[in-house]
Amino acid sequence: MTTDDLVEIQQLLARYAVTITQGDIDGLLAVFTPDGSYSAFGDTYPLAEFPALVAAAPKGLFLTGTPVVESSGENTAAGTQPLCFIDQATHDMRIGYYNDTYVRTADGWRLRTRAMTFIRRSGAHDSGRPHAFERPAV
C-alpha cells in the first residue's frame, strides 16, 4: 500500500464524517461500494437501508481520528478509526470506533463494510442496543 493509497483512504473517511455531519446522504452513500454495508445495534444494514438508518439517528458532529489502515491485498485493506459523536441538541457524547474494510474501485478507494463499536462508561465495548433502529416492514 502506497502513501497515496493511505491519503486517499483518509480523505474517503473524512468525507464520511463531513457528509454525515452535514446531512448529505448522497455524499455519504458515495463513500461506499454499491454492495456496502453498515453494522451497529446488533444488525447489519445494506446500503439501501442506510438513508433510513441515518434519518432515524440523532443529528450532530462526527469527530473522527486518523485510521490505522492495513493492506489485505493489492486492492483491499482493513482499518480501525476512532469516533466521538456529539449530539447537536444535548451535547451528549458517544465514543467508540469503526472497524472497516476498503476496496479499490474504478472510482478510487471505497468503504465496503463499516461496523460501529461503542465504548461504554463501564469500559464495555459493544455494537449498541439491539433494535435501537426499527427496520421498515418488508
Side-chain angles (χ1 to χ4, degrees):
M1 177 165 286
T2 68
T3 301
D4 287 347
D5 290 325
L6 291 173
V7 170
E8 185 177 343
I9 289 170
Q10 288 174 356
Q11 286 297 297
L12 175 77
L13 299 179
R15 226 173 354 271
Y16 176 97
V18 169
T19 57
I20 197 168
T21 294
Q22 293 177 335
D24 176 4
I25 297 301
D26 291 336
L28 180 62
L29 295 176
V31 304
F32 285 90
T33 60
D35 64 344
S37 67
Y38 178 82
S39 299
F41 316 117
D43 213 342
T44 298
Y45 303 89
L47 200 58
E49 291 182 25
F50 205 44
L53 181 65
V54 171
K59 306 304 178 244
L61 177 63
F62 286 76
L63 295 173
T64 53
T66 304
V68 172
V69 178
E70 297 181 14
S71 177
S72 57
E74 185 178 339
N75 295 312
T76 58
T80 302
Q81 183 180 38
L83 164 74
C84 177
F85 170 78
I86 303 169
D87 186 291
Q88 74 182 21
T90 64
H91 286 193
D92 287 343
M93 292 189 300
R94 293 185 184 100
I95 60 172
Y97 50 93
Y98 296 116
N99 287 306
D100 301 325
T101 61
Y102 319 104
V103 63
R104 185 192 324 261
T105 71
D107 296 320
W109 285 96
R110 295 292 183 265
L111 278 163
R112 176 166 283 153
T113 63
R114 175 154 264 205
M116 180 65 205
T117 300
F118 297 94
I119 301 172
R120 304 298 178 186
R121 290 179 187 195
S122 67
H125 293 220
D126 63 59
S127 67
R129 294 182 316 277
H131 310 296
F133 168 71
E134 296 296 326
R135 288 181 130 154
V138 181

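Excluded from the calculations below are hydrogen atoms, water molecules and symmetry mates; all remaining heavy atoms, backbone and side chain alike, are included.
- Using a 4.5 Å cut-off between side-chain heavy atoms of Ile, Leu, Val, Met, Phe, Trp and Tyr, Leu61 falls into a hydrophobic cluster with Leu63, Ile86, Met93.
- Looking at residues two or more places apart in sequence or on another chain, you find a side-chain hydrogen bond (donor to acceptor under 3.5 Å, both in side chains) between Thr2 and Asp5.
- A distance-only check finds a donor-acceptor pair linking the side chain of Thr21 to the backbone of Phe62 [under 3.5 Å].
- Nearest approach of Tyr102 to Asp100, heavy atoms of both residues: OH-OD2, 3.1 Å.
- Ser122 contributes atom OG, which lies 8.0 Å from atom CG of Asp126 (distance to the nearest 0.5 angstrom).
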| query | Under the ring pair (Phe, Tyr, Trp, His ring centres under 6.0 Å) criterion, do Phe50 and Tyr45 qualify, and how do the steps go? | reply | CA-CA 7 Å; Phe50 205 44; Tyr45 303 89; 8.3 Å; no

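- Once rounded to the nearest 0.5 Å, the distance linking OG1 of Thr80 with OH of Tyr97 reads 8.0 Å.
- If you take OG1 on Thr101 and CZ on Arg112, they are separated by 6.5 Å, rounding to the nearest 0.5 Å.
- Gly42 and Ser127 get closest at one heavy-atom pair: N-OG, 3.3 Å.
- To the nearest 0.5 angstrom, Thr19 atom OG1 is 4.5 Å from Leu28 atom CG.
- Closest approach of Asp35 to Thr33, counting heavy atoms only: OD1-OG1, 2.6 Å.
- Atom-to-atom distance recorded for Phe41:CZ and Met116:CE is 8.5 Å, nearest 0.5 angstrom.
- Judged by the 6.0 Å and 45° rule, Arg94 forms no cation-pi pair with Phe118.
- The backbone N or O of Thr105 sits nowhere less than 3.5 Å from a side-chain atom of Arg110 that would complete a donor-acceptor pair.
- Ring geometry, Tyr16 versus Phe32: the interplanar angle exceeds 60°, so the pair is classed perpendicular (tilted spans 30 to 60°).
- Counting all heavy atoms, side chain and backbone alike, Ala77 lies closest to Met1 at CB-CE, 3.5 Å.
- Within the 4.5 Å cutoff, side-chain heavy atoms of Leu29 are placed close to those of Pro51.
- A cation-pi geometry, defined here as NZ or CZ lying under 6.0 Å from the six-membered ring centre and within 45° of its normal, holds between Arg114 and Tyr98.
- Between the Glu70 side chain and the Ala78 main chain, no donor and acceptor come within less than 3.5 Å of each other.
- Residues Ile25 and Leu111 share a single hydrophobic cluster, defined by chaining ILVMFWY side chains whose heavy atoms lie under 4.5 Å apart.
- Going from atom OG1 of Thr113 over to atom CG of Leu47 covers 12.0 Å, rounded to the nearest 0.5 Å.
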Listing, residues 6-14 side-chain donor-acceptor contacts under 3.5 Å, not counting sequence neighbours, or none:
from: Glu8; atom 1: OE2; to: Trp109; atom 2: N; distance (Å): 2.7

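- Side-chain heavy atoms closer than 4.5 Å link hydrophobic residues (I, L, V, M, F, W, Y) into clusters, and following such links, possibly through other members, connects Val31 to Leu83.
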